[in-house]
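Chain identifiers are assigned alphabetically (A, B, ...) following the order of the sequence lines, protein sequences preceding nucleic acid strands; residue numbering begins at 1 within each chain.
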2 protein chains.
Amino acid sequence: MGLSKTEQFTEEEILIARFAKALGHPARIAILRVLLERKACICGDIVDELPLSQSTVSQHLKELKEAGLIQGDIDGKKVCYCINEQVWKQAQETLGVLFQSYTACGSSCC
Amino acid sequence: MGLSKTEQFTEEEILIARFAKALGHPARIAILRVLLERKACICGDIVDELPLSQSTVSQHLKELKEAGLIQGDIDGKKVCYCINEQVWKQAQETLGVLFQSYTACGSSCC
DNA sequence: ATTATTAATCGCAATTTTACGATAATAAAA
DNA sequence: TTTTATTATCGTAAAATTGCGATTAATAAT
């Protein structure tokens, strides 16, 4: 059908998936890299850094913003985007916990 | 158009995005949790644990498998799935590096 | 006041994802 | 050998994603 039966899963599963989904496109990783690289946060020079149109980049920014990973503040006629520290760390934490919960199964699974 | 201009991005950006995308659905997080929980790896009892049909779960398993995060070995008429240690750690590493590359921008970005 | 610059949004098209039932395919059990 | 259990795959439908050009909105510059 196309839409997830989101209700059926735990809050944490949904949260982790939401963060991961936001990271699930090369363009958005590239955007985040630009934002991470320049400590001072940047505006729409991001567009110049990416091989995509302005509208497409804007849409990717929107998705990152909706996941909470970044925020954008208006500064004159430009908009300044940057990592949202709190949410970034939350994503780091929740995904980190998931990854760390793996303990090599010693012998022979599969 | 629907498909990413994947070629335009770096290998690493594509790799990270691929891992993240595989994690980008609550059902797949739930599946991984089942796999992580039971150290010994499990087969299609996963289906029983999820609020989705057999075919849907099978498809999610396929996507996790294609991303390399899990593997499935045939055991009689059952199939035993488990985390792929190597790839799991690679995903942990690459995503970890991304998250850690954030250094709080001290003063006032945005 | 008019003109440029910047960024968001709208509308559209192609593709992908999500989901399911039904159908294969495979192997164990009877 | 026929039946049963397990899992993958096919076909289909709805919805979401990706992408772009064109338009709008808002601010700065002239």
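The base of C/dA8 is not paired with the side chain of A/Q59 by any donor and acceptor separated by under 3.5 Å. At a cut-off of 3.5 angstrom, the base of D/dG19 holds no donor-acceptor pair with the side chain of A/S53.
In this structure a side-chain-to-backbone donor-acceptor pair under 3.5 Å is present from A/N84 to A/V87. Looking only at distances, no side-chain donor or acceptor of B/Q100 sits under 3.5 Å from a matching main-chain atom of B/V97.
Atom-to-atom, NZ of A/K62 to C1' of D/dT18 comes out at 14 Å; the value is rounded to the nearest Å. As rounded to whole Å, 15 Å separates atom C1' of C/dA7 from atom CG of A/L50. Atom CG in A/D73 sits about 16 Å away from atom C1' in C/dA8, given to the nearest Å. Rounded to whole Å, the distance from NZ on A/K65 to C1' on C/dT9 is 11 Å. Atom pair B/Q8:CD and D/dG19:C1' shows a separation of 12 Å (rounding to whole Å applied). C/dT18 atom P lies 12 Å from atom CD of B/E66, rounded to whole Å. What separates CG of B/L61 from C1' of C/dA19 is a distance of 14 Å, to the nearest Å. Rounded to whole Å, the distance from NZ on B/K78 to P on C/dA28 is 12 Å.
Among the nucleotides C/dA19, D/dA28, D/dG19, the one closest to the side chain of A/H25 is D/dG19. Picking from D/dC20, D/dT7, C/dA28 the nucleotide with the shortest atom distance to the side chain of B/K77 gives C/dA28. Here the side chain of A/L52 is nearest to one of D/dA8, D/dG19, D/dT9, namely D/dG19. Of all nucleotides listed (D/dC20, C/dA8, D/dA8), D/dA8 comes nearest to the side chain of B/S58. Picking from D/dT18, C/dA8, C/dT18 the nucleotide with the shortest atom distance to the side chain of A/R28 gives D/dT18. Ranking D/dC20, C/dG21, C/dA7 by closeness to the A/T56 side chain, first place goes to D/dC20.
Counting any heavy atom pair closer than 4.0 Å across all strands shown, A/E63 reaches sugar-phosphate atoms only and no base atom.
Checking the phosphate oxygens (OP1, OP2) of C/dT16, no side-chain nitrogen or oxygen of B/K21 falls inside 4.0 Å. Between C/dA8 and A/Y81, a contact under 4.0 Å exists linking OP1 or OP2 to a side-chain N or O.
A residue-by-residue look at A/G76 and A/S55 shows that A/S55 has its nearest nucleotide of DNA chain D further toward the 5' end.
With hydrogens and angles left out, the side-chain atoms of B/S58 and B/S55 include no donor and acceptor closer than 3.5 Å.
Using cut-offs of 30° and 60° for the angle between ring planes, the B/Y102 and A/W88 rings count as tilted.
Screening B/V47, B/L36, B/L50 for a side chain to side chain contact (heavy atoms under 4.5 Å, CB included) involving B/I31 leaves a single residue, B/L50.
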